[in-house]
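Just below is one structure, and these are the notes that go with it.
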Amino acid sequence: MDTKELLKKVRKIEIKTKRLSNHIFSGEYHSSFKGRGMTFSEVRQYQYGDDIRAIDWNVTARYNEAHVKVFEEERELTMMLMVDISGSESFGSKNQFKKDIVTEIAATMAFSATQNNDKIGLMLFSDIVELYIPPKKGRSHVLRIIRELIEFEPKSHKTDIAQALKFLSGTQKKKAIVFIISDFMSEDYEHTLKIASKKHDITGIRVYDIREEKIPNLGMVSMLDAETGKTQLINTGSKTIRTNYEKHYRSKVAYFKETFSKSGAGVVNTRVDESYVTKLLGYFKSR
C-alpha cells in the first residue's frame, strides 16, 4: 500500500470512528470506567463515619490518634488495546474482513479514550508480540495506532493469547483498562488471564464471521488454514467432518466465555455483519 493510499484509508477510518467516539462512546466510556483508578492523596484525622479499612496504622501509631488515608479518583487512565493480527483475522464473507472491523473497533476505543484525556497503548500479537506501542496521549499518537492496524504485516500467522497476556503483565505495572480484540480461536490462556485480571480491568471483544460457525456441504473442497498455511482437501459432504468442525468451533467459543467470566473479565461478542456500536454501547451501559 503506497503512502497516499494509506493516508486516505487512515483519514476515512478517523472520520468514521471519531464521529462515533465523540457523539456516542466518550460519555459511555467515561461513566463506565471513571473511578476505577484511585490514587493516594493525603492522610487526615479519623472522623465519625469514615471507613475503618482506610485507617493508616503507621500514622495512627506515630501520633497515637486514628488517621485515615484519603484517596481521589485518578483523572488520567491508561487504555491498552491488545489486537490479534493472526491469519484467521483475514477471514471474511460479507464484503468485509474481520480485520477491518477489528481496526474500526480499536480506533473507536482509542478516540473515546482521547476524549477522556487518557493514554492509549497498542499491542499487536499473533503467537508472539509483533508490535508494542507504549501508552501516550494525543491525536497524532492515535493516528499512528490506526496506521499500524491497517498496514502492519505479522511475522507469524498463529495465535497465542497467553503470550500476549504475559507481556501485558510484564509491561503494565499500573492498572489499565484493557481491550483484547480477537476471534479467540486459541486456548490455554486461563491461568495468565486470571493473573492479569487481578491487576487490570479486562474486556474480551470477540469478532467473528457467521460462515466460520459451520462448514456447508460443498463436496470435496481445498481449504487453506490461515494460521498454519497448510492446504487440505476436505470432504464437506461428510456429516461427521461437518459435525466435528462445529463441535471444535463451539468448544473454543465456550472456552472464551467461561474463562473470561471466571476471571471477572468482561465479554462482548460481535459478528462482522452486526453493528459493533450497538454491542459496545450495550456492554458499557450494563457495567
Side-chain angles (χ1 to χ4, degrees), residues 1 3 5-7 9-10 12-14 17 21 78-92 96-114 118-172 176-189 192-193 196 200-209 226-229 256 260 265 268 270 272 276 280:
M1 190 184 295
T3 307
E5 190 185 346
L6 174 63
L7 291 172
K9 204 166 182 181
V10 170
K12 190 177 176 183
I13 289 174
E14 181 190 11
T17 58
S21 63
T78 296
M79 177 193 285
M80 272 304 302
L81 296 168
M82 295 173 59
V83 181
D84 179 357
I85 55 169
S86 61
S88 61
E89 294 305 316
S90 297
F91 185 88
Q96 203 160 23
F97 294 110
K98 283 191 286 184
K99 184 182 176 184
D100 298 331
I101 300 298
V102 165
T103 299
E104 282 191 20
I105 291 172
T108 302
M109 301 311 297
F111 279 121
S112 297
T114 298
D118 294 340
K119 292 179 181 178
I120 307 105
L122 176 70
M123 183 199 305
L124 301 180
F125 70 92
S126 53
D127 60 340
I128 57 171
V129 174
E130 301 267 359
L131 176 72
Y132 172 64
I133 300 176
K136 276 177 68 179
K137 293 182 183 182
R139 177 178 175 268
S140 60
H141 180 66
V142 174
L143 294 180
R144 184 198 168 188
I145 285 173
I146 296 171
R147 281 199 304 273
E148 295 293 359
L149 286 163
I150 292 170
E151 69 168 358
F152 191 88
E153 292 293 332
K155 296 182 183 73
S156 173
H157 294 287
K158 296 177 182 178
T159 312
D160 191 335
I161 291 169
Q163 284 299 320
L165 286 165
K166 282 178 188 173
F167 187 88
L168 173 76
S169 295
T171 53
Q172 298 303 311
I177 297 162
V178 180
F179 292 98
I180 308 173
I181 313 173
S182 172
D183 56 11
F184 292 93
M185 290 293 107
S186 181
E187 52 194 15
D188 298 330
Y189 53 83
T192 45
L193 180 63
H200 305 294
D201 190 331
I202 299 178
T203 300
I205 303 176
R206 186 174 77 94
V207 180
Y208 66 102
D209 192 295
E227 300 214 355
T228 64
F256 159 66
F260 269 70
V268 179
T270 183
V272 293
Y276 65 81
L280 289 174

* To do: Could I get the full list of ring-ring contact (aromatic ring centres under 6.0 Å, His included) partners for Phe152, not counting sequence neighbours?
  => none

* Asked: Side-chain contact, heavy-atom cut-off 4.5 Å: Val207 with Val272?
  -> yes

* **Closest non-hydrogen atom pair between Met109 and Leu81, with its separation** => CB-CD2, 4.0 Å

* Asked: Within the side chain of Glu130, is there an N or O that forms a donor-acceptor pair under 3.5 Å with the backbone of Ser156?
  -> yes

* **Closest contact, heavy atoms only, Lys98 versus Tyr208** => CD-CA, 3.9 Å

* Asked: Side chains of Ile161 and Leu193: closer than 4.5 Å at any heavy-atom pair?
  -> no

* Output the distance between atom OG1 (Thr159) and atom CD (Glu187), rounded to the nearest 0.5 Å. => 11.0 Å

* To do: Considering non-hydrogen atoms only, spot the tightest contact between Asp188 and Ala162 and give its length.
  => O-CB, 3.7 Å

* Show your reasoning for whether side-chain contact (heavy atoms from CB on, under 4.5 Å) applies to Ile133 and His141. => CA-CA 9 Å; Ile133 300 176; His141 180 66; 3.4 Å; yes

* To do: With rounding to the nearest 0.5 Å, note down the distance linking NE2 in His157 to CD1 in Ile85.
  => 9.5 Å

* pair Gln163-Phe125: side-chain heavy atoms closer than 4.5 Å -> no

* Pairing of Lys9 and Glu151 as salt bridge, 4.0 angstrom limit -> no

* Working to the nearest 0.5 Å, report the span between CZ of Phe179 and NE2 of His200. => 14.0 Å

* To do: Applying side-chain contact (heavy atoms from CB on, under 4.5 Å), run through Val83 and Ile105 and close with a yes or a no.
  => CA-CA 10 Å; Val83 181; Ile105 291 172; over 6 Å; no

* Considering the options Thr270, Thr108, Thr203, Ile205, which one meets the side-chain contact (heavy atoms from CB on, under 4.5 Å) requirement together with Leu280? -> Ile205

* Distance (rounded to the nearest 0.5 Å) between Ile120 CD1 and Thr114 OG1 -> 3.5 Å

* To do: Check whether any side-chain heavy atom of Arg144 sits under 4.5 Å from a side-chain heavy atom of Leu122, and report yes or no.
  => no

* To do: Of all the heavy-atom pairs spanning Lys137 and Asp118, show the shortest one and how long it is.
  => CG-O, 3.8 Å

* Could you check if a side-chain atom of Ile150 sits within less than 4.5 angstrom of a side-chain atom of Val10, using non-hydrogen atoms only? => yes

* Output the distance between atom OG (Ser182) and atom CE (Met82), rounded to the nearest 0.5 Å. => 9.5 Å

* For Leu168 and Met123, which heavy atoms make the closest approach, and how far apart are they? -> N-CE, 3.9 Å

* Asked: Which heavy atom of Pro135 sits nearest a heavy atom of Met80, and at what distance?
  -> CG-SD, 3.9 Å

* Asked: Should Leu124 and Leu149 count as side-chain neighbours, where that means a heavy-atom distance under 4.5 Å?
  -> yes

* Roughly how far, to the nearest 0.5 Å, is NZ of Lys155 from CD1 of Ile128? -> 6.0 Å

* Mind checking ring-ring contact (aromatic ring centres under 6.0 Å, His included) for Phe260 and listing every partner two or more places apart, or none if nothing turns up? => Phe184, Phe256

